[in-house]
Amino acid sequence: MVVLRLLQQMQKREKSFGIQMLSVQPDTKPKGCAGCNRKIKDRYLLKALDKYWHEDCLKCACCDCRLGEVGSTLYTKANLILCRRDYLRLFGVTGNCAACSKLIPAFEMVMRAKENVYHLDCFACQLCNQRFCVGDKFFLKNNMILCQTDYEEGLMKEGYAPQVR
């Protein structure tokens, strides 16, 4: 018996960096922005990649979102500064769904049973198509996902009673 766990497929985070929001102290010399090279005279600035940035200048190279607003992490690769979603979309490790064999994007939520990974919509009993909810019991027999009813019926047909642990 395996208890359902909702997991997010993650990429190694070796290329991720933290973002800090700092208050600009009025008595300090203005710092230069790494994005636009102008002095930062705003009330707040961002510190990332050991450089200082205007809040508007630290953006994802793909979707142009302001990285200080979407989280405290940015990703870099191939001289690009990226948000998490675009980093995973471009460089993330992807796999195939064990049920439908279609590609699972790296940023998509998945269900996992031992070494198998599934789209959320594909994670269902392979005999009766009953979908599972988080916390439901399911059984993995001969690499097939089964609900409790189908698993127990299969055991009865094989001539022995199920043992629930």
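No hydrogens, no waters, no symmetry mates; every other heavy atom, side chains included, goes into these values. These numbers were taken from a predicted model, which means no experiment stands behind them.
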Practice task
On the 0 to 90° scale, with breaks at 30° and 60°, tag the Phe138-Phe123 ring pair as parallel, tilted or perpendicular.
Solution key: perpendicular
Side chains of [X] and [Y]: closer than 4.5 Å at any heavy-atom pair?
X	Y	answer
Tyr52	Cys33	no
Phe132	Cys147	yes
His54	Asp42	yes
His119	Cys100	yes
Ile145	Leu140	yes
Lys141	Leu155	yes
Leu49	Ile81	yes

Handout entry: Check: Trp53 side chain, Ala48 main-chain N or O, donor-acceptor pair, under 3.5 Å
Key = yes
Practice task
Could you tell me whether a side-chain N or O of Asp136 sits under 3.5 Å from a main-chain N or O of Cys133, the two making a donor and an acceptor?
Solution key: yes
Exercise for the section: Go through the steps for Arg131 and Asp121 under the test side chain to side chain contact (heavy atoms under 4.5 Å, CB included), then give the verdict. Expected result: CA-CA 8 Å; Arg131 295 214 25 217; Asp121 291 338; 3.5 Å; yes
Exercise for the section: Provide the closest heavy-atom pair for Leu103 versus Asn96 in the form atom of the first, atom of the second, distance. Expected result: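 That would be CA-OD1, 3.5 Å.
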Practice task
Show your working on side chain to side chain contact (heavy atoms under 4.5 Å, CB included) between Asp150 and Gln126 and close with a plain yes or no.
Solution key: CA-CA 9 Å; Asp150 287 330; Gln126 292 177 311; over 6 Å; no
